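What's counted below: heavy atoms across the whole structure, side chains too, no hydrogens, waters or symmetry copies. Every value quoted in this text rests on a predicted model; they were computed, and no experiment measured them. Reminder, nothing fancy here: chain letters follow the sequence lines and each chain counts from 1.
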There are 2 protein chains.
Amino acid sequence: MPTAFTPTLDTVFSALADPTRRAILSMLLEDDMAVTDVAEPFDISLAAISKHLVILTRAGLITQEKRGRVKWCKLEPDALRAASVWMQGFGQFEAVNLDAFERFLAVELDPPKAE
Amino acid sequence: MPTAFTPTLDTVFSALADPTRRAILSMLLEDDMAVTDVAEPFDISLAAISKHLVILTRAGLITQEKRGRVKWCKLEPDALRAASVWMQGFGQFEAVNLDAFERFLAVELDPPKAE
DNA sequence: CGCATATTCAACCGACTGGTTGACGATTGC
DNA sequence: GCAATCGTCAACCAGTCGGTTGAATATGCG
């Protein structure tokens, strides 16, 4: 049974490290999809896709809901927040010599625009 | 020899997927460090740390410069930009909140500091 | 009911990972 | 010169990863 997974930076970053999984996430940005439809554009087996979806689920990046015999995959972008925050701790790295907390405040007051 | 590494999302995310490597990056936020000093707080061999530093270098997250017999490690936070932008595509996470920052502190700045 | 569809399970495979140890080249300092 | 220090290299190991195939489990449909 799906015990309550507690996504960590480890699981999130390693889930994101695979290009197939990132592509799946991008697809789910458009809309929820069934497992078979997720698999369709890829050249690998359905079982392999199923495993990727398990990994994304354990990372909290998607949820899956079974309706009838179809399992729908839904993006959960909130799971990226902790990782994003972690990275932003490094992002504002100007010449100023800020410690981690000051840097965080700077990010919070003036969030970087993803250009 | 400055082999032109072309850091990809793959290399960056998989570099970030390891807690030891994230801890190293956090340590380098404070200041540049020699390899031996990077290794000091960890319970693993110097050779293992050296391998981690190679992975961080190939991801573009740090650079290393040898002065005398000491090799200095320097954080290169710009390498996070592409990954950060990619993640921003999924969530309009507005300004980060304090909960998220506390998780950042608890999880990532917890590991032992090198003095 | 019986068959097709949707998805996972189980076993297996080769490649990669993170770790070890010991030897090694380079540099420093007595 | 010689010994200690800094860091990497090479070989090895156990475990994980991404993939396969084939069987199994649900569910829907005619």
Quiz prompt | hbond_proxy A/Arg69 side chain to C/dT5 base (donor-acceptor, 3.5 Å cutoff) | solution = yes

Practice problem: Spell out yes or no: do the side chain of B/Lys66 and the base of D/dG7 have one donor N/O and one acceptor N/O closer than 3.5 Å? | Solution: no

Under 4.0 Å between any heavy atoms, over every strand shown, what does [X] touch: base, sugar-phosphate, or nothing? Just pick one.
X       : answer
A/Ala34 : sugar-phosphate
A/Arg67 : nothing
B/Leu46 : base
B/Ile49 : nothing

I want to check one thing: is the phosphate of [N], taken as OP1 and OP2, less than 4.0 Å away from some side-chain N or O of [X]?
X       : N      : answer
B/Ser50 : D/dG7  : no
B/His52 : C/dT17 : no
B/Ser45 : C/dG19 : no

Self-check item: Heavy-atom closest contact (A/Met33 atom, A/Val38 atom, distance)
Solution: CB-CG2, 3.7 Å

Practice problem: Work out which heavy atom in A/Val12 is nearest to a heavy atom in A/Leu61; give both atom names and the distance. | Solution: O-CD1, 4.4 Å

Protein-nucleotide distance ([X], atom [atom1]; [N], atom [atom2]), rounded to Å:
X       : N      : atom1 : atom2 : result
B/Leu53 : D/dG7  : CG    : C1'   : 10 Å
B/Glu65 : D/dG7  : CD    : P     : 13 Å
A/Gln64 : D/dA26 : CD    : C1'   : 15 Å
A/Lys71 : C/dC9  : NZ    : C1'   : 12 Å
B/Glu40 : D/dG7  : CD    : C1'   : 16 Å
B/Met33 : D/dC6  : CE    : C1'   : 15 Å
B/Phe13 : D/dC17 : CZ    : C1'   : 19 Å
B/Asp10 : C/dT17 : CG    : C1'   : 15 Å

Quiz item: Under the side-chain hydrogen bond (donor to acceptor under 3.5 Å, both in side chains) rule, what pairs show up with a residue in residues 40-56 of chain A, not counting sequence neighbours?
Solution: A/Arg21-A/His52

Quiz item: In Å, rounded to the nearest 0.5 Å, how long is the span from CZ of A/Phe90 to CG of B/Leu25?
Solution: 5.0 Å

Quiz item: CD1 of B/Ile24 to CG of B/Asp18: how many Å apart, nearest 0.5 Å?
Solution: 8.0 Å

Quiz item: Nearest nucleotide by nearest heavy atom, which residue falls closer to the 5' end of DNA chain D, A/Val70 or A/Ala48?
Solution: A/Ala48

Quiz item: Closer to the 5' end of DNA chain C via nearest nucleotide, is it A/Trp72 or A/Lys51?
Solution: A/Trp72

Quiz item: With respect to the side chain of A/Thr36, which nucleotide from C/dG22, C/dA6, D/dG18 is positioned closest?
Solution: C/dA6

Quiz prompt | Given D/dT8, C/dG19, C/dT8, the nucleotide with the shortest approach to the side chain of A/Ala47 | solution = C/dT8

Quiz prompt | Close side-chain approach of B/Val35 and B/Cys73, heavy atoms under 4.5 Å | solution = yes

